[in-house]
Amino acid sequence: MGGACGYSDLYEQGYGVNNAALSTALFNDGASCGQCYAIICDSSKTGWCKPGNNWVVVSATNFCPPNWDLPAVGDLPAGGWCGPPRPHFDMSQPAWENIGIYSAGIIPVLYQRVKCWKSGGVRFTIAGFNGFYMVLITNVAGSGSIQSMAVKGTNTDWIPMYRNWGANWHCLSGGLVGQGLSFALVSTGGQNLVFQDVVPAWWQFGQTYTTYQNFDY
């Protein structure tokens, strides 16, 4: 629940229980929020893998920060397991128990970024106040994450939005209250989608709007 991507109830927002917080090297200042990774325990390096070479797909939903009170020890850099430049997944317990024996705590893994599969379309949650608009993007399929976006009111041109934190994007503009809204998104896979008139003119801050479009890549 919650975390550095800005998601609240992960299950309701389309991310289920197979999730992970990413280390600095993977989190990319929030640009990786929503991305999907296939992870398998590396049985060539440990005896703590679940039998059968099981693997699990997790969604990136949080940030695992370094602990700078921890000095470098051996091949472990300063900052602990989540310190740069180490790639590390701090996995939810349900996800972890697909691949590792619970009491192990930490295991070596092999991982690969994969396509995200979602039920339904991209969702937009609007926060902020008149003049400052922040939109949380959730339930993104394909690459799972967004590289750029813009918003258009019924009576405006396209207005660029900028990553505020995690999966939250913002713009500074007067007058969008009372207008229907459209969004133009580019996924990190490079796919462009326009969500035309997905928010009605009577929208309110705090509401979420569901669409029927989603990304393939």
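Just so you know, these numbers come straight off a predicted model, no measurement behind them. Counting from 1, the numbers follow the sequence of the chain as shown.
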Hey, is [atom1] on [X] packed in by over 12 heavy atoms from elsewhere, all under 6.0 Å?
| X | atom1 | value |
| --- | --- | --- |
| D157 | CG | no |
| W158 | CH2 | yes |
| Q112 | CD | no |
| Q207 | CD | yes |

For the atom pair [atom1] ([X]) and [atom2] ([Y]), what is the distance rounded to the nearest 0.5 Å?
| X | Y | atom1 | atom2 | result |
| --- | --- | --- | --- | --- |
| M149 | N192 | CE | CG | 13.0 Å |
| I99 | I40 | CD1 | CD1 | 8.0 Å |
| E12 | R123 | CD | CZ | 9.0 Å |
| S187 | L193 | OG | CG | 7.5 Å |
| C33 | N28 | SG | CG | 9.5 Å |
| R113 | L26 | CZ | CG | 11.0 Å |

ask   = So, Q147 and T188: side-chain donor and acceptor under 3.5 Å apart, yes or no?
value = no
task = Start with the C-alpha gap between I126 and Y209, add the side-chain angles, then the distance that decides, and say whether side-chain contact (heavy atoms from CB on, under 4.5 Å) holds.
result = CA-CA 8 Å; I126 304 176; Y209 299 89; 4.0 Å; yes
Would you name the heavy atoms of [X] and [Y] that are closest together and state the gap between them?
| X | Y | answer |
| --- | --- | --- |
| W55 | A38 | CE3-CB, 4.2 Å |
| R163 | D29 | CD-O, 3.9 Å |
| L176 | C171 | CD1-SG, 4.4 Å |
| P84 | W68 | CD-CH2, 3.6 Å |
| Q191 | D216 | OE1-N, 2.7 Å |
| N214 | G120 | ND2-O, 3.0 Å |

Considering only heavy atoms from C-beta outward, does the side chain of [X] approach that of [Y] to under 4.5 Å?
| X | Y | answer |
| --- | --- | --- |
| D42 | V109 | no |
| I101 | C49 | no |
| V122 | N139 | no |
| N98 | K50 | no |
| N18 | S59 | no |
| S23 | R86 | no |
| I39 | V58 | yes |
| F215 | K118 | no |

ask   = For V73, what are the other residues in its hydrophobic cluster, where any two members join if their side-chain heavy atoms are less than 4.5 angstrom apart?
value = none
Worked verdict on C41 versus T46 for side-chain contact (heavy atoms from CB on, under 4.5 Å) = CA-CA 8 Å; C41 182; T46 183; 3.8 Å; yes
task = Give every residue pair that meets the ring pair (Phe, Tyr, Trp, His ring centres under 6.0 Å) criterion with at least one member in residues 12-51, sequence neighbours excluded.
result = Y7-Y15, F27-F63, Y37-F89
query = Would W96 and I107 satisfy side-chain contact (heavy atoms from CB on, under 4.5 Å), going step by step from the backbone distance to the final call?
reply = CA-CA 10 Å; W96 162 271; I107 53 175; 3.4 Å; yes
task = May I ask you to check whether F195 and F124 place their ring centres under 6.0 Å from each other?
result = yes
inquiry  = Ring centres under 6.0 Å, that's the criterion: do H170 and Y133 meet it?
reply    = no
note = With W81 as partner, the option from N67, I106, L70 fulfilling side chain to side chain contact (heavy atoms under 4.5 Å, CB included) is I106
Cluster check [X], [Y]: I/L/V/M/F/W/Y, side chain < 4.5 angstrom:
| X | Y | value |
| --- | --- | --- |
| I146 | V186 | no |
| V140 | W165 | no |
| L136 | V199 | no |
| L172 | F129 | yes |
| F183 | F205 | yes |

request  = Examine distances only and state if a side-chain atom of D90 and a backbone atom of A21 form a donor-acceptor pair shorter than 3.5 Å.
outcome  = no
request  = Give the C-alpha distance, both sets of side-chain angles, the deciding distance and a yes or no for side-chain contact (heavy atoms from CB on, under 4.5 Å) between D197 and S182.
outcome  = CA-CA 5 Å; D197 300 323; S182 302; 3.4 Å; yes
Pairs where residues 54-101 contributes a residue and the test disulfide bond (SG atoms under 2.5 Å apart) is met, not counting sequence neighbours = C64-C82
